[in-house]
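Contents: one structure, followed by commentary.
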Amino acid sequence: MLNTSCDDDGGTSAINTTNGALPDFKMVAGSPDFIDLTGITNLNLQFTVGVGVGEPTSFDLKAYYLTVDGDLYGPITLDAGVTEYPKEYSITGTQIIGAFSELNSAADIQVGDVLKFFTSYTFEDGSKLEVLNSKGEPNYYAADFNAYPNFTVKLDYVVSCLSDLGGTHTYVTTNLQAANSPTACPTGEVTGSVTWTDQGGGNYLTSDLGFGQYESSCWNDGPATSGGATFSEVCGEIISGGLDQYGLEYIWVITDVTGPELTMTWTNDYGDSGTVVITREGGLDWPQLFTR
């Protein structure tokens with residue numbers, strides 16, 4: 001694969017060839033496969049580094065940090081002169097920030113940044129091989145090495161956020177308004193449940209954008225929902241704007257998050273509004289959600 005098999009082209013000239021090597025990265029079972037922006041202080045990336053191809057005498061573990069804006073930091077050396085492998089590593093968020101001079105705190109880490117681990121090999125003749133070049137790109141020319149079934153030649157951790165808001169949650173709605181309705185809204189509380197279905201990537205489908213308002217005496221209708229009744233979460237920020245069955249857009253504004261209770265006001269573009277306290281399924285605490 002990476003090793004060449006001849007050093008002569010059949011003519012009078014000789015071709016200088018060298019043997020190469022590629023690493024074999026393996027994540028430790030249960031270790032995160034991305035960097036959670038909301039959990040940098042508790043981050044612990046665990047993986048082993050071995051040799052997938054070749055016979056180097058030692059390797060250095062190195063890393064680049066590529067920002068979402070395209071700036072490349074590094075390379076930095078995390079471990080040098082390793083002669084026994086595979087070797088297991090545990091890299092914390094604090095170590096990552098301390099290793100790159102450009103990162104002063106967790107505030108410098110952004111969604112979309114990428115931490116790139118790679119190796120530098122030393123061979124018996126003293127020659128060296130960097131698996132990534134100075135641009136943080138592969139220093140080898142066979143693209144299928146990246147998907148070789150028996151080993152992983154580089155390890156990238158993308159900065160993202162875990163989103164886990166799905167479930168069937170209970171709510172208490174108050175202060176219901178329906179400016180264009182011929183009937184009066186209830187003056188007391190409206191209670192019920194709402195289901196948030198995880199669509200992947202921090203996107204959710206909600207069973208009721210108005211938390212009981214349509215079903216109440218405001219309208220005596222079905223829940224405010226549709227295939228477009230969606231919202232998203234990006235690292236704690238709730239982005240609303242879902243559409244009900246009439247094409248009305250709903251905007252949610254978070255006013256408080258305390259334990260398992262999430263308080264929001266909401267409006268749509270027909271003059272409806274209300275205040276809701278949503279209690280998370282199972283009584284679990286909500287993350288520190290917010291809206292802009």
Side-chain angles (χ1 to χ4, degrees), residues 34 36-39 111-112 160-292:
F34 70 99
D36 183 358
L37 183 65
T38 64
V111 171
S160 184
C161 293
L162 181 66
S163 183
D164 184 23
L165 305 182
T168 298
H169 316 299
T170 58
Y171 63 77
V172 177
T173 295
T174 57
N175 195 32
L176 287 174
Q177 306 291 324
N180 298 297
S181 174
T183 58
C185 288
T187 57
E189 297 178 345
V190 171
T191 62
S193 61
V194 62
T195 299
W196 291 350
T197 304
D198 193 341
Q199 306 291 290
N203 299 304
Y204 297 87
L205 179 70
T206 179
S207 63
D208 193 349
L209 288 161
F211 306 100
Q213 194 251 15
Y214 272 7
E215 302 97 298
S216 75
S217 60
C218 288
W219 292 106
N220 297 300
D221 198 353
T225 191
S226 72
T230 59
F231 69 94
S232 60
E233 183 214 353
V234 180
C235 297
E237 180 182 2
I238 295 295
I239 302 171
S240 57
L243 305 177
D244 69 11
Q245 60 267 45
Y246 303 110
L248 300 177
E249 182 182 34
Y250 287 68
I251 301 300
W252 296 349
V253 177
I254 294 174
T255 58
D256 184 66
V257 182
T258 303
E261 294 187 345
L262 169 65
T263 304
M264 298 193 297
T265 60
W266 64 267
T267 58
N268 68 20
D269 47 10
Y270 196 67
D272 299 330
S273 62
T275 300
V276 62
V277 178
I278 308 167
T279 300
R280 195 175 188 182
E281 182 178 6
L284 300 175
D285 288 351
W286 292 107
Q288 287 303 304
L289 302 172
F290 65 95
T291 49
R292 296 185 188 275

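Nothing fancy with the numbering, it's 1 onward along the sequence. Only this structure's heavy atoms are used, side chains among them; waters, hydrogens and symmetry mates stay out.
Ser240 contributes atom OG, which lies 9.5 Å from atom CZ of Phe231 (distance to the nearest 0.5 angstrom). Residue Leu243 holds its CG atom at 10.0 Å from OH of Tyr250, rounded to the nearest 0.5 Å. The distance from atom CG of Asp198 to atom OG1 of Thr195, rounded to the nearest 0.5 Å, is 13.0 Å. Summarising the geometry, atom CG belonging to Asp36 is positioned 7.0 Å from atom SG belonging to Cys235; distances are rounded to the nearest 0.5 Å. Note: Ile251 CD1 to Thr291 OG1 = 10.0 Å, rounded to the nearest 0.5 Å. Separation of atoms CD1 (Ile254) and OG1 (Thr265) is listed at 9.5 Å; rounding is to 0.5 Å.
Residues Asp208 and Ser193 are not in side-chain contact: their nearest non-hydrogen atoms beyond the backbone lie 4.5 Å or more apart. At a threshold of 4.5 Å between non-hydrogen side-chain atoms, the residues Ile278 and Arg280 do not count as touching. Taking 4.5 Å as the limit, every side-chain heavy atom of Tyr204 sits out of range of all side-chain heavy atoms of Thr197. The closest side-chain heavy-atom distance from Leu284 to Pro260 is not below 4.5 Å. Side-chain atoms of Ser226 and Asp244, non-hydrogen and from C-beta on, never get closer than 4.5 Å to each other. Within the 4.5 Å cutoff, side-chain heavy atoms of Ile239 are placed close to those of Val234.
Judged by distance alone, the side chain of Gln213 and the main-chain N or O of Gln177 form a donor-acceptor pair under 3.5 Å. Looking only at distances, a side-chain donor or acceptor of Thr183 sits under 3.5 Å from a matching main-chain atom of Ser217. Side chain of Asn180 to backbone of Tyr270: a donor-acceptor contact under 3.5 angstrom is found. Under the 3.5 Å distance criterion, the side-chain polar atoms of His169 are matched with a main-chain donor or acceptor of Glu281. Gln245 contributes a side-chain N or O that, together with a main-chain N or O of Pro223, makes up a donor-acceptor pair within less than 3.5 Å.
The aromatic rings of Trp286 and Trp196 are tilted relative to each other, their planes meeting at an angle between 30° and 60°.
Scanning both residues, Cys218 and Pro186, for their nearest heavy atoms gives SG-CD, 4.0 Å. In this structure, Tyr214 and Asn268 approach most closely via the heavy-atom pair OH-ND2, 4.3 Å. The shortest non-hydrogen separation linking Ser273 to Thr267 is CB-CG2, 3.8 Å. Residues Met264 and Thr255 share a closest heavy-atom pair of N-OG1, 4.2 Å. For Cys161 against Leu37, the heavy-atom pair with the smallest separation is SG-CB, 3.6 Å. Smallest separation of non-hydrogen atoms from Val190 and Ser216: CG2-CB, 4.2 Å.
The salt bridge (Lys or Arg N to Asp or Glu O under 4.0 Å) contacts involving residues 226-241 comprise Glu237-Arg292, where partners must be two or more places apart or lie in separate chains.
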- List the steps and the verdict of side-chain contact (heavy atoms from CB on, under 4.5 Å) for Thr230 and Thr206. CA-CA 6 Å; Thr230 59; Thr206 179; over 6 Å; no

* Asp221/Tyr246 under side-chain contact (heavy atoms from CB on, under 4.5 Å): CA gap, chis, key distance, verdict -> CA-CA 12 Å; Asp221 198 353; Tyr246 303 110; 2.6 Å; yes

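Partners of Tyr171 by ring pair (Phe, Tyr, Trp, His ring centres under 6.0 Å), not counting sequence neighbours, listed by chain and number: Phe211.
Screening Val277, Val276, Thr275 for a side-chain contact (heavy atoms from CB on, under 4.5 Å) involving Thr173 leaves a single residue, Val276.
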